[in-house]
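Right, one structure below, let's go through it.
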Amino acid sequence: CWKWKENGLRRFKIGIVSIGRGAGKSSIAAGLGLYDMSRGMGKRVAVLANNQEQADIILSTAKTMTSRLPDDSHDLEVLYSSIIARDRDCEFVALPALERSLQGRTISFGICDEAADFKGRIMTALITSLGKRKESTLLITTTPGSNPENHYYELVKTAESILSGETQDDTLYAMLFGLDKNDALDNEERWICANPGLPYGQPDIQSLRRAWKTLSQSPMGRAEFCRFHACRMDEYTSGWLDMSFWDDMKDPTIKEEDLIGRKCWAGLDLSKSEDLTALVLVFPLDNGKIYVKGFYWWPKEGLAQRQMDYRMPVLTWEKEGRVTTTPGREIDYENIRVQLNELKRKYDIQEIAYDKWNSTYLAQTLQNDGLPLKTYSMAISTFGPGCNLFQNLWNGKKFIINDDPIMRRSCAEVIAKRDVHGNIRPAKSREYCVIDPIVALILATHIWGGFQKSIYELEAEQLLDGYTY
């Protein structure tokens, strides 16, 4: 069933195997690569991974397999950085997952190891390169990642629709192992769903038990177990916000016209030269929920490189109108001024919180326009209670955030830094990540519902009277 009867060519162009760690992905990929290499002339097998060392693991496995074959059963030659078949002009190599790695190559069998973490649009380049040969295949082996915005998850969504029968596509074959969303992570009977080799010791059940006992002690550890051993995508990688709440914080019944003329509060986080600028509005609703609406700006120059660095589909967001770009390397604040004045005419903006540092000119201009600006100190004495208020509202699932992938990435990637007194402030989990949207959201939430209040005052209010909106 994997070849067409009429011409004998392979039926599938892309194969996806999402499976738990320790299930033998490298051995499977290495064996399939050697199989392709043995099937004709001019074969080009390439392993691509996030770094050279990781790609070399599958190549090394293939070398070991080759060395164990009887000498008279093959024509393969193991070299330092490749496997070749000289007379048939075939090659098996390992490469970093960069677009330049594909230049001048016509791959017959590509192996993408841990593709869920690939940067940029390397997957797009790989898939389009498959058309260079009449018969070529791309194998993707990976554990789930934590970023639902990259190209790998676009393929996963397609695969899920094929497996559910919603879509018919004879070019993609998928094996998506993993625990269901409602399965408890500590349910050993369900671990086989992510680890089909468990009955055969691949991986060992005792090793999994030890891993769960160790990792279950912290939110970060549970997130790692969820991803690598339960084979389930988990955005809760930052150790602060529980991203399992995200899907519960939606309400598609709220329309734009419901917000017109309604009272709202705003938070404005202005960027440095190449960073994102975020403006977030919060609308307290009659049912006690808080509707969140975000606006974002990024400098146009270097946008493609930023997409690779941040591992986010920035160019797609620009085309969809989710991000506004301004010419040059810095944000043109006039765009923000125009946007705020338009919003003032549309909504009943009560206050706009902003950090006064490096924003004197814009603040003066906005005040001259009659906008209700409020200086917000980012010192821990003010920002700390704001972060605590935000955290309480998040844990109570009080926010409504509809269709905002930029805010989603910000919430998923932000980490919480704590001082000796337990005060919280958001920080980046890695060099290239965006936390400006969540900072703006915290500012807006704080000036609406708790400016200058300590966490003890907020908890007392909650215990005595409950929150009032």
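The figures here come from the full heavy-atom set of this structure, side chains too, leaving out hydrogens, waters and symmetry mates. Residues take their numbers from the sequence shown, with the count starting at 1.
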Could you tell me the separation between the [atom1] atom of [X] and the [atom2] atom of [Y], rounded to the nearest 0.5 Å?
X      : Y      : atom1 : atom2 : answer
Ile58  : Leu48  : CD1   : CG    : 10.0 Å
Gln350 : Trp448 : CD    : CH2   : 13.0 Å
Trp394 : Leu389 : CH2   : CG    : 14.0 Å
Ile336 : Thr277 : CD1   : OG1   : 4.5 Å

Can Trp240 and Gln391 be said to form a side-chain hydrogen bond (donor to acceptor under 3.5 Å, both in side chains), step by step? CA-CA 9 Å; Trp240 186 21; Gln391 180 177 257; 2.6 Å; yes
Using the rule given for salt bridge (charged side-chain N to carboxylate O under 4.0 Å, His left out), can you reason through Lys346 versus Glu256, listing the C-alpha separation, both sets of side-chain angles and the distance that settles it, and then say yes or no? CA-CA 10 Å; Lys346 195 172 185 180; Glu256 176 65 25; 3.0 Å; yes
Nearest heavy-atom neighbours spanning [X] and [Y]:
X      : Y      : value
Tyr347 : Lys293 : OH-CE, 3.4 Å
Ala440 : Ala278 : CB-O, 3.7 Å
Phe12  : Asp170 : CD2-O, 3.5 Å
Phe177 : Pro196 : CE2-CG, 3.6 Å
Leu393 : Ile290 : CD1-CD1, 3.8 Å
Leu303 : Glu318 : CD2-OE1, 3.4 Å

Are any non-hydrogen side-chain atoms of [X] and [Y] less than 4.5 angstrom apart?
X      : Y      : value
Phe283 : Asp258 : no
His229 : Leu208 : yes
Thr142 : Cys112 : no
Leu340 : Leu366 : yes
Ile438 : Leu241 : yes
Ile16  : Leu155 : yes
Leu163 : Leu176 : yes
Met175 : Ser18  : no

Polar contact flag, side-chain donor to acceptor under 3.5 angstrom, [X]-[Y]:
X      : Y      : result
Ser108 : Glu135 : no
Asp269 : Tyr296 : no
Asp369 : Asn341 : yes
Arg44  : Thr106 : no
Asp56  : Gln52  : yes
Lys13  : Ser136 : yes

So, [X] side chain and [Y] main chain: donor-acceptor pair closer than 3.5 Å or not?
X      : Y      : answer
Asn388 : Gly384 : yes
Asp180 : Asn182 : no
Asp113 : Ser26  : no
Ser101 : Leu95  : no
Asn195 : Trp191 : yes
Trp265 : Leu443 : no
Arg21  : Phe225 : no
Glu166 : Ile162 : no
Lys255 : Pro252 : yes
Glu114 : Thr143 : yes

Should the heavy atoms of other residues, nucleotides or ligands under 6.0 Å from [atom1] of [X] be counted, would the total exceed 12?
X      : atom1 : value
Gln364 : CD    : no
Lys132 : NZ    : yes
Lys417 : NZ    : no
Tyr173 : OH    : no
Gln168 : CD    : no
Lys428 : NZ    : yes

Is the distance from the ring center of [X] to that of [Y] below 6.0 Å?
X      : Y      : answer
Phe399 : Phe245 : no
Tyr333 : Trp297 : no
Phe383 : His446 : no

Would you mind checking if [Y] and [X] are paired as a salt bridge, meaning a charged N to carboxylate O distance below 4.0 Å?
X      : Y      : answer
Lys263 : Asp348 : no
Arg232 : Asp183 : no
Arg227 : Asp117 : yes
Asp404 : Arg409 : no
Glu160 : Lys157 : no

Begin from the C-alpha positions of Cys411 and Met243 and carry the test side chain to side chain contact (heavy atoms under 4.5 Å, CB included) through to its verdict. CA-CA 8 Å; Cys411 292; Met243 291 305 294; 3.8 Å; yes
Of Pro299, Pro437, Ser410, the residue whose pairing with Leu276 passes side-chain contact (heavy atoms from CB on, under 4.5 Å): Pro437
Assess the residue pair Ile107 and Leu126 against the criterion (side chain to side chain contact (heavy atoms under 4.5 Å, CB included)); give the C-alpha distance rounded to whole Å, side-chain angles, the decisive distance to 0.1 Å, and a yes or no. CA-CA 9 Å; Ile107 296 174; Leu126 275 167; 4.2 Å; yes
Kindly indicate, with the supporting measurements, whether the criterion salt bridge (charged side-chain N to carboxylate O under 4.0 Å, His left out) is fulfilled by Asp286 and Arg262. CA-CA 11 Å; Asp286 298 335; Arg262 195 176 190 96; 2.9 Å; yes
Run the numbers on Leu32 and Leu139 for side chain to side chain contact (heavy atoms under 4.5 Å, CB included), then give the verdict. CA-CA 9 Å; Leu32 290 174; Leu139 174 65; 3.8 Å; yes
Could you please spell out the steps behind the side chain to side chain contact (heavy atoms under 4.5 Å, CB included) verdict for Thr324 and Trp298? CA-CA 6 Å; Thr324 300; Trp298 229 327; over 6 Å; no
